[in-house]
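A quick write-up on the structure given underneath.
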Number of protein chains: 2
Amino acid sequence: MNGAPVLDLATLRSGCSHCSLQQLCLPAGISPDELQRLDEIVRRRRPIERGERLYRAGDPLAAVFVARDGAFKTVSISEEGEEQVIGFHLPGELIGLDALGAGSHRCEAIALTEANVCEVPFEQLAVVAAQLPSLQQQLLRVIGQSVGRDQDHLGILVRRQAGERIALFLHGLSERYRNIGQPATQFKLPMSREDIARYLGLALETVSRGFTRLQEDGVIDVVGRRIDILKPAELNRLAHSAEHDEPKRRGRA
Amino acid sequence: MNGAPVLDLATLRSGCSHCSLQQLCLPAGISPDELQRLDEIVRRRRPIERGERLYRAGDPLAAVFVARDGAFKTVSISEEGEEQVIGFHLPGELIGLDALGAGSHRCEAIALTEANVCEVPFEQLAVVAAQLPSLQQQLLRVIGQSVGRDQDHLGILVRRQAGERIALFLHGLSERYRNIGQPATQFKLPMSREDIARYLGLALETVSRGFTRLQEDGVIDVVGRRIDILKPAELNRLAHSAEHDEPKRRGRA
DNA sequence: CGGCCTGTTGATTAGAATCAACCAAAGTGG
DNA sequence: CCACTTTGGTTGATTCTAATCAACAGGCCG
């Protein structure tokens with residue numbers, strides 16, 4: 001658990017063109033010389049600690065962020081002070097779009113782990129995007145992907161069975177890890193059971209039980225936040241075609 | 001079947017500059033001469049009938065749409081053929097952003113009523129937006145508002161009590177009608193109970209019961225799809241601070 | 001060591017899904 | 001024009017899932 005990783009200065013210094021996330025992030029599909037324009041406005045921020053906020057609800061839209069590593073959650077606080085989790089953000093995924101509509105943030109973005117982020121001042125991004133059609137295109141695509149993730153989230157929440165939601169959650173997370181080139185069947189959850197519960201609209205006990213149930217069924221192996229997906233196909237099945245299949249029969253024959 | 005309403009040619013012909021939704025739609029904040037550039041690429045389509053689709057899942061992103069009147073729903077079809085309602089779209093709200101991420105539509109957009117829509121070819125919109133900073137800005141804002149509505153939807157779905165979800169739904173719809181300058185306390189729901197149920201992640205019977213309950217409590221008056229919000233403040237309270245207040249005591253005192 | 005946070009597990013209960021009638025309005029066709 | 005069907009909505013009875021309340025276990029920290 002030497003959690004605070006050795007600070008890779010080279011990584012911090014080097015720009016988008018050397019970033020491993022290049023093909024997933026704003027620079028995707030942008031020519032090298034154009035990339036430099038983008039690179040000039042991107043600020044590589046110092047490491048963020050766990051629990052630190054990138055912005056708070058109500059803050060004016062100043063910049064959007066992308067994690068190079070680590071993970072974030074965005075939460076909105078209801079009038080009663082309840083925290084509801086709007087989304088989780090893995091490396092390469094844009095953070096801060098919740099302010100696009102009104103010009104100020106609806107959510108807070110909180111680091112779930114130590115992380116390094118790139119900060120892109122929004123005004124400048126807009127200006128450069130207007131000048132570089134391929135950047136504009138990629139910006140819209142990245143925004144669209146974010147919309148897509150929100151819709152996936154909606155798709156999880158309308159499922160009424162807790163087990164389905166949990167399977168869908170794990171499946172989706174696994175896919176996202178695969179996308180960024182990390183192991184898709186073995187990973188450490190960056191978020192707590194409570195975060196997951198507030199993301200899925202369930203009680204945290206229900207999430208816990210859901211995990212144990214999946215473990216009992218041999219689909220996954222869980223130890224605290226360590227997840228090992230033993231039967232990806234089965235998880236996929238549970239996530240999609242529901243549990244209608246084996247309704248009563250627990251012990252398999 | 002004079003279903004096709006009297007065709008208002010003047011309305012169809014007149015461009016954005018004469019549109020009553022101008023300040024809510026893409027043209028907002030755009031100077032008259034710039035507006036003409038936008039106007040040139042907007043196609044005013046013939047009236048759409050109820051049940052007609054603007055696009056289907058899988059269709060490549062060709063255009064985005066805005067209703068001038070009427071209402072739409074966007075739905076995604078699960079592998080089991082279940083229809084899940086992603087969103088409802090009132091006049092002035094952009095339809096079709098679900099394709100921004102992958103370049104093809106994830107959803108289908110279906111007319112809930114007869115409607116007139118403007119169609120904006122996406123490629124051309126991107127080109128013009130790159131040339132007109134104020135249009136680019138407004139495009140991003142409108143996209144952001146759409147993201148905001150999705151997040152409101154999420155906020156509804158994580159609420160676990162059916163009554164809260166229903167109150168929140170009515171409250172949000174009311175706000176949106178107010179925004180477009182239509183009566184906010186009296187309106188006709190363009191969607192069926194089943195659509196609402198699939199939007200809220202509830203069974204349709206539960207939605208029906210929820211409406212009846214609100215009526216019994218004197219908060220609203222419902223007759224089929226006609227809604228009259230009698231106590232907006234009370235609805236607002238139910239939507240936000242939940243029903244934790246009067247748990248058992250039905251008859252007050 | 002003792003406290004604290006995170007997660008698991010158990011018992012009970014509230015609330016919504018489901019199954020099933022039923023009703024009114026709107027078509028449809030003889 | 002009236003019987004018949006279809007569609008959308010309401011209401012009732014029953015069942016079952018997940019929330020809630022509660023106790024407890026392991027890891028980590030001061």
Side-chain angles (χ1 to χ4, degrees), chain A residues 1-4 50-51 73 82-84 112-113 156-167 169 188-216 220-227 238 242-244 246-248 250, chain B residues 1-3 50-51 73 82-83 85 112-113 156-167 169 188-216 220-227 238 242-244 246-250:
Chain A
M1 249 124 283
N2 44 2
R50 182 180 157 149
K73 65 175 174 182
E82 295 248 315
E83 184 174 286
Q84 97 120 307
L112 292 167
T113 63
I156 292 177
L157 284 170
V158 284
R159 303 261 137 225
R160 306 202 217 90
Q161 303 279 343
E164 279 181 79
R165 295 194 200 177
I166 292 166
F169 168 72
K188 182 162 176 293
L189 295 171
M191 69 295 279
S192 70
R193 297 290 189 271
E194 181 161 24
D195 286 333
I196 299 173
R198 294 190 191 285
Y199 179 77
L200 296 180
L202 296 172
L204 73 88
E205 295 97 324
T206 307
V207 174
S208 185
R209 279 185 248 267
F211 280 179
T212 355
R213 176 72 204 281
L214 285 172
Q215 172 151 267
E216 282 168 5
I220 65 174
D221 193 51
V222 205
V223 186
R225 295 191 177 186
R226 278 238 63 89
I227 298 283
L238 288 175
E243 299 136 90
H244 302 162
E246 35 175 347
K248 286 281 111 90
R250 295 282 296 279
Chain B
M1 57 210 53
N2 46 1
R50 184 180 158 152
K73 63 175 174 181
E82 294 249 316
E83 182 175 287
V85 176
L112 293 167
T113 62
I156 291 176
L157 284 170
V158 282
R159 302 263 138 224
R160 306 202 216 89
Q161 303 278 343
E164 280 180 78
R165 294 194 201 178
I166 293 166
F169 168 72
K188 183 160 175 293
L189 296 170
M191 70 295 277
S192 69
R193 297 291 189 271
E194 181 161 22
D195 287 333
I196 298 174
R198 294 191 192 285
Y199 179 78
L200 295 181
L202 298 171
L204 74 88
E205 294 96 324
T206 306
V207 174
S208 185
R209 279 185 247 267
F211 280 179
T212 324
R213 178 72 204 280
L214 285 172
Q215 172 150 266
E216 282 168 5
I220 64 174
D221 192 51
V222 206
V223 186
R225 297 190 177 187
R226 279 237 64 89
I227 298 283
L238 288 175
E243 294 132 276
H244 303 161
E246 35 173 346
K248 287 278 114 89
R249 335 214 79 277
R250 294 285 292 281

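Residue numbers begin at 1 in each chain, while the letters A, B, ... track the order of the sequences.
Not a single donor-acceptor contact under 3.5 angstrom links the side-chain atoms of A:R209 to the base of C:dG7. Put simply, the side chain of B:R225 and the base of D:dG9 share no donor and acceptor less than 3.5 Å apart.
The nearest whole Å value for the distance from the CZ atom in A:R193 to the C1' atom in D:dA19 is 18 Å. Atom CD of A:E205 is separated from atom C1' of D:dC24 by 13 Å (rounded to the nearest Å). Rounded to an integer number of Å, the gap from A:F211 CZ to C:dT8 P is 8 Å. Atom CG of B:L189 and atom P of D:dT10 are 10 Å apart (whole Å). Distance B:R165 CZ to C:dG15 C1': 12 Å, rounded to the nearest Å. When rounded to the nearest whole Å, the span between CD of A:E164 and C1' of D:dA18 equals 14 Å. Distance, B:R50 CZ to D:dG8 P: 7 Å, rounded to whole Å. We find that CD of B:Q215 is positioned 9 Å from P of D:dT10, with the value rounded to whole Å.
Between A:Q161 and D:dT17 there is no side-chain N or O to OP1 or OP2 distance below 4.0 Å. Taking side-chain N and O atoms only, A:T206 has no distance below 4.0 Å to OP1 or OP2 of D:dA18. Residue A:T212 places at least one side-chain N or O under 4.0 Å from the OP1 or OP2 atom of C:dT9. Dashed line: the shortest gap from a side-chain N or O of B:S208 to OP1 or OP2 of D:dT11 is not under 4.0 Å.
For the atom pair CG of B:L200 and CZ of B:R159, the computed distance is 13.5 Å after rounding to the nearest 0.5 Å. To the nearest 0.5 Å, the span separating CD on A:Q215 from CD1 on A:I227 amounts to 8.5 Å.
Crowding of B:R225 atom CZ: a count of heavy atoms from other residues, nucleotides or ligands under 6.0 Å exceeding 12.
Look at A:R209 and A:E205 and you find no salt bridge, because none of the NZ, NE, NH1 or NH2 atoms lies under 4.0 Å from a carboxylate O.
B:G210 comes within 4.0 angstrom of no nucleic acid atom, judged by non-hydrogen atoms across all strands.
Contact detail for B:R198 and B:E82: the closest heavy-atom pair is NH1-OE1, 4.0 Å.
Residue A:G224 is the one, among A:R160 and A:G224, whose nearest nucleotide of DNA chain C lies closer to the 5' end (criterion: closest heavy atom). In this structure, B:M191 and A:L204 both approach DNA chain D, and ranking their closest nucleotides by distance from the 5' end singles out B:M191.
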